[in-house]
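Take a look at the structure set out below.
Along the sequence shown, the residues carry numbers beginning at 1.
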Amino acid sequence: MKYKSQFNQRKALRFRHFSRKRYALFACLGRVVTIGVLSVATLESASAAHRHVSTDEEHADSMQVTEKEATLDDVEVTGSRAPLALGQAARMVTVLSREDIQAAPVQSINDLLKMAVGVDVRQRGPIGAQTDIGIRGSTQEQITILLNGINICDPQTGHNAFDLPCDVSDIVRIEVLEGPAARVYGTSSLVGAINVVTRQNEKSEMRNEKWNGGARLEGGSFGYLSGAARISHPSIPISHSTLLTSHLSASLTRSDGYSRAKSGALNADYSGLKAFWNAQFSMPNAQFACHVGITTKGFGSNTFYSAKFDEQYEKTTKLYTALQGDVRCKMYEGRCKSYELHFKPSIYWNRSYDRFELIRGDESKVAFNHHRTDVFGINLNSYFDWVAGRTAFGAEFRNEDIVSTNLGEPLNNPHGHYKNGLNRSNLSFHLEHNILLKRFTLSAGFVAVKNTWNEMPFTLYPGIDASYRMGEHWKVYASYNTSLRMPSFTELYYSVGGHQADKYLKPEEMRAIEGGVKYNSRWLTVQASIFHHHASNMIDWVMDMREANPVWRSVNLTKMNTFGQELSASFLISHSSFRISYCHLHQQKQEEDYLQSQYALEYLRHKVTAQLRMPLMESLELTIGYRWQDRTGSYTTVDGEVKDYHPYSVIDARLAWTKDTYSIYVEGNNLTGHRYVDYGNVPQPGCWLMVGAKYHIAL
């Protein structure tokens, strides 16, 4: 199974050609099977996950090797509650692999997601200062963010959702599930989910190696400087039946920023620190993982929230803790099949601090906003196999609490900066069944949700996915899913600084249908899909331009329909790879021309991404990325002028010299120097150049 004791491993059989026929053949061998496959270095359909998404690390070999070996114990993917074999998955999931991440010319996790064609990355500040990320026309509030399968969404606001404690070099893969996902991830996953999987089960390449480590140093334009270090040890026995794996990393990043305020002061500067530790205890029939992380950053917010003030500043600090388990009880064992009951509990607690200064360092005119949120959750997902297929069931309890200067109801006992607060709890139950035939998979189930906010009763959200495999290369799939999202604390209570919130907002709800086809061979992968989302009670901040002194109001837009198509193709040409993807969206809403929107009425109508990876010589590889996008909507300048968003294109490149123990690279972002706008009144930097080096050491 997925977690196998390493001191009890069996001899591996190696195959150089694999036709993707029935996996049952290898199950009957009773051995671990490793299969030689051709790496296309592309966004692949593979393992997404439920809260305990598959977290086994994908170990990438050197970039010069085109034929790689991927270990198959039970290749599990879960666009459903219960993990399914890769060939049986009923729902398609986009995966940014470790190889993609290593080759990408990026400095943050936010930048990595720009590679996914269905993801809208609206950047306010570079190097991860602040980015609003949506999926298929959604806002940053309407998706679920997970770290190693744990929901880390901040109920205060989605602006800081990607304040992750891990460095880019810690990431094994990023999994993107597009479309409503309440049946898989619960509340907040209205239009999809993104799961970031970090290094776990770190293994040594030398049998006598106990520790290994690495370091990274980068520097570049606008005073950019970043350094990171990590240390880990492989799975080592701490008793006759228990293995321990541990990994610790830390990084520090700073920049002077690419712009200045009218006064000449810095207003786009950045400084941040991250630290992340995880440990795993592996036993023959159980695995437990512990995660602890912290991230803190301060950044000049120039005109992020108001075009009239160009010296805004924000500082955030987040603490992450989680304990996960996977306990297996054998129910039946035959010659070619083994049925087990899996219990996957988790418990987590996250704390976030946020301080916003409208006038940096000066509280005499406008008081600073202070917020502290605490999220506590307990989750249990279980599944088992029987003659009718695979059944999953479970429950989750999640409590969200905030104390703030201006969000929530007045506190009975105010303390420090905090005069207001709010507490709400969410309880959900889920049930799902999967019918697994030779070429056909059907996955159906529901989640029942009750929230204490606004006295919400138990509400049922069903979904169904189906896929059919035609021959060795073709696969067709279709799905119908429903979902919901609870309003954030900001949407309910932020009524200062030209904003007026509505604490009686209703939850957003969505119904969606999707169909698609995929062709996959050794040299070519092509995938096409079409989808329709019907949303009701959509939440947005809008401004009525007919008013003499208009303010931003949080409202439930009545209905919205989104029609979309996605098409992608990946080619392997000799030792080079090329990928191109396109996404088109069209939204129809009940709206008036006099309303200006901050979020929901602005979306990417067109997005094209392309990437070419090619070796120039031994150890030297060039990666070129291209992105073109056209956003609908408009924004108002500080002079009161209404301007439309204009299409723009960006070219990034990375040249890397890679050896076994070190890598030296040069990266260039936005090589054409175009000062584009992702978000109104916040122009992005021009060309950004960076040089860096990575070093790996075995102790």
ask   = Do Glu178 and Thr94 have side chains that get closer than 4.5 Å, going by heavy atoms?
value = yes
| query | Donor-acceptor pair, Ser108 side chain versus Asp111 backbone, under 3.5 Å? | reply | yes
For Leu671, the side chain to side chain contact (heavy atoms under 4.5 Å, CB included) test, sequence neighbours excluded, returns Ile651, Ala653, Cys687, Leu689
Sorted by chain and number, sequence neighbours left out, side chain to side chain contact (heavy atoms under 4.5 Å, CB included) with Ser259 holds for Asn267, Ala268, Asn302
Taken in chain and number order and not counting sequence neighbours, the residues that satisfy salt bridge (Lys or Arg N to Asp or Glu O under 4.0 Å) with Asp170 are none
- Backbone N or O of Ser169 within a donor-acceptor pair of the Arg199 side chain at under 3.5 Å? yes
Q: Please report the C-alpha distance between Glu621 and Arg613 in whole Å, then the side-chain angles of each, then the deciding distance to 0.1 Å, and finally whether the salt bridge (Lys or Arg N to Asp or Glu O under 4.0 Å) criterion is met.
A: CA-CA 7 Å; Glu621 183 180 75; Arg613 292 185 59 193; 2.9 Å; yes
- prompt: Side chains of Glu175 and Arg173: closer than 4.5 Å at any heavy-atom pair?
  reply: yes
Salt bridge (charged side-chain N to carboxylate O under 4.0 Å, His left out) with Asp269: of Lys315, Arg360, Arg254, only one passes, and it is Arg360
Contacts of Tyr695 meeting side chain to side chain contact (heavy atoms under 4.5 Å, CB included) (sequence neighbours excluded), chain-then-number -> Thr661, Tyr662, Ile697
Applying side chain to side chain donor-acceptor pair (under 3.5 Å) to Asn399 and not counting sequence neighbours gives Asn423, Ser425
Sorted by chain and residue number, the ring pair (Phe, Tyr, Trp, His ring centres under 6.0 Å) partners of Phe356 (sequence neighbours excluded) come out as Tyr305
Applying side chain to side chain contact (heavy atoms under 4.5 Å, CB included) to Val168 and not counting sequence neighbours gives Ile101, Ile109, Leu112
Contacts of Tyr353 meeting side chain to side chain donor-acceptor pair (under 3.5 Å) (sequence neighbours excluded), chain-then-number -> Arg351
Residues passing the salt bridge (Lys or Arg N to Asp or Glu O under 4.0 Å) test with Arg627, sequence neighbours excluded, are none
Shortest non-hydrogen pair, Arg124 vs Tyr258, comes out as O-OH, 3.6 Å
Sorted by chain and number, sequence neighbours left out, salt bridge (Lys or Arg N to Asp or Glu O under 4.0 Å) with Lys297 holds for Asp163
Residues at least two apart in sequence or cross-chain that pass salt bridge (Lys or Arg N to Asp or Glu O under 4.0 Å) with Lys318, listed by chain then number, are Asp154
Within a strict 4.5 Å, meaning less than it, do heavy atoms of the Met115 and Arg579 side chains meet? yes
Once the angle between the rings of His291 and Phe276 is folded into 0 to 90°, is it parallel (under 30°), tilted (30 to 60°) or perpendicular (over 60°)? parallel
Those residues at least two apart in sequence (or on a different chain) that pass ring pair (Phe, Tyr, Trp, His ring centres under 6.0 Å) with Phe222 are Trp688
